[in-house]
Amino acid sequence: MAANIEIERIKYFQGKLLAWWKDHGRHFPWREEFLSDYELIIAEILLQRTKAETIANYYKIFLESYPSWQSLAAARESDLAFLLKPIGLYNQRAKRISALAKSMKQRGFIIPHDRTLLDEIPFMGQYIANAVELLIYNQAKPLLDVNMARVLERYFGPRQKADIRYDPYLQSLAHEILVDVNAKEINWAILDFAALICQSRTPKCLTCSLSINCKYYKNNKN
DNA sequence: AACGCGGGGCC
DNA sequence: GGCCCAGCGTT
């Protein structure tokens, strides 16, 4: 009954993680209540390939310069790139954010519920589309980024494909760990746990409350 | 499957 | 100096 064992592992993983998060969860401006759809989506874009702490100090600056889809759609790409400079990826991000804002303007600033329509919006990749469904439409979707992937792979086992987006194992596992818990909380818990404990280069296995059942820990303990 | 993008933080 | 970071579109 390998399937049942895996279910038990998932339940243990969820319980320990949420218990840890209750005491150690991080606090960020984009996790506040009552943010607009615009503010939520901008946060996800700024966060791409960029440390959350970096964006925590920058988020407000961006929103003050461009408080709405309208202002963003009207912006010159060069101005946008200049503002984005401190956080990196600025030329690419300026181009893509601009295209996204103009597309939103065309759509009457309405974010579609339907995933197929969501995916048609430029710069609306898998991660951001999941974030929209999770944070705006309250669906159980994973924030499956490089950090969540690392935690899942260490605890449950390695991926099958190089690219997270097309890996069936990581994709299904990331959905399974959302079952029977608050999806928003467990997503944030995993991201925080990845940043504070299950770090890429120096995982803190000695203070990790999940290490007993972790494959990575079992394989590496001396 | 592999690549470029990018500054800043941390060894 | 190298590695890493709430990815993505492109080739």
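Naming: A, B, ... by sequence-line order, numbering from 1 per chain.
- Rounded to an integer number of Å, the gap from A:Asn91 CG to C:dT10 P is 16 Å.
- Residue whose closest nucleotide on DNA chain C sits further toward the 5' end, between A:Arg165 and A:Ala195: A:Ala195.
- Checked against the 6.0 Å centroid threshold, A:Phe193 and A:Trp21 do not count as a close aromatic pair.
- For the atom pair A:Met104 CE and A:Ile111 CD1, the distance stands at 4.5 Å (nearest 0.5 Å).
- For C:dC8, its base sits under 3.5 Å from the side chain of A:Arg96 at one donor and acceptor pair at least.
- Note: A:Phe28 and A:Trp30 have parallel aromatic rings, judged against thresholds of 30 and 60 degrees for the angle between ring planes.
- Closest to the side chain of A:Arg26, out of C:dA6, B:dA1, B:dG9, is C:dA6.
- Nucleotide C:dA6 holds its C1' atom 12 Å from the CH2 atom of A:Trp188, rounded to whole Å.
- Contacts of A:Ile45 with the nucleic acid, taken as non-hydrogen atoms under 4.0 Å apart, are absent.
- Residue A:Arg201 contributes atom CZ, which lies 11 Å from atom P of B:dC10 at whole-angstrom precision.
- Between the P atom of C:dA6 and the OH atom of A:Tyr59 lies a distance of 16 Å, rounded to the nearest Å.
- Scanning atom types as modelled, one donor and one acceptor separated by under 3.5 angstrom connect the side chain of A:Gln92 and the base of C:dG7.
- Remark: P of B:dG4 and CZ of A:Arg93 are 18 Å apart, rounded to the nearest angstrom.
- Per the geometry, CD1 belonging to A:Ile121 stands 15 Å off C1' belonging to C:dC8, to the nearest Å.
- Residue A:Gln171 contributes atom CD, which lies 13 Å from atom C1' of C:dG7 at whole-angstrom precision.
- A:Arg150 comes within 4.0 angstrom of sugar-phosphate atoms only, judged by non-hydrogen atoms across all strands, and of no base.
- Which of C:dA6, B:dG7, C:dC8 sits closest to the side chain of A:Tyr90 comes down to B:dG7.
- Residue A:Leu89 has its side chain nearest to B:dG6 when only C:dA6, C:dC4, B:dG6 are considered.
- Closest to the side chain of A:Leu47, from the set C:dC3, B:dA1, C:dA6, is C:dA6.
- Among the heavy atoms of the strands lying under 4.0 Å from A:Phe123 are primed sugar atoms or P, OP1, OP2 only; no base atom is included.
- Remark: the A:Arg49 side chain and the B:dG7 base include no donor-acceptor N/O pair separated by less than 3.5 Å.
- Note: A:Phe13 and A:Phe156 meet the aromatic proximity criterion, with ring centroids under 6.0 Å apart.
- Within the 4.0 angstrom heavy-atom criterion, base atoms lie near A:Ile87.
- Counting non-hydrogen atoms under 4.0 angstrom, A:Thr54 reaches nothing in the nucleic acid.
- Side chains of A:Ile45 and A:Ile128 form a contact here, defined as non-hydrogen atoms less than 4.5 Å apart.
- Note on A:Gln126: only backbone sugar-phosphate atoms sit closer than 4.0 angstrom, heavy atoms only; bases stay farther off.
- In this structure, the nucleotide among C:dA6, C:dG7, C:dC4 sitting nearest to the side chain of A:Gln48 is C:dG7.
- In this structure, the CG atom of A:Asp163 is 15 Å from the P atom of C:dT10, given to the nearest Å.
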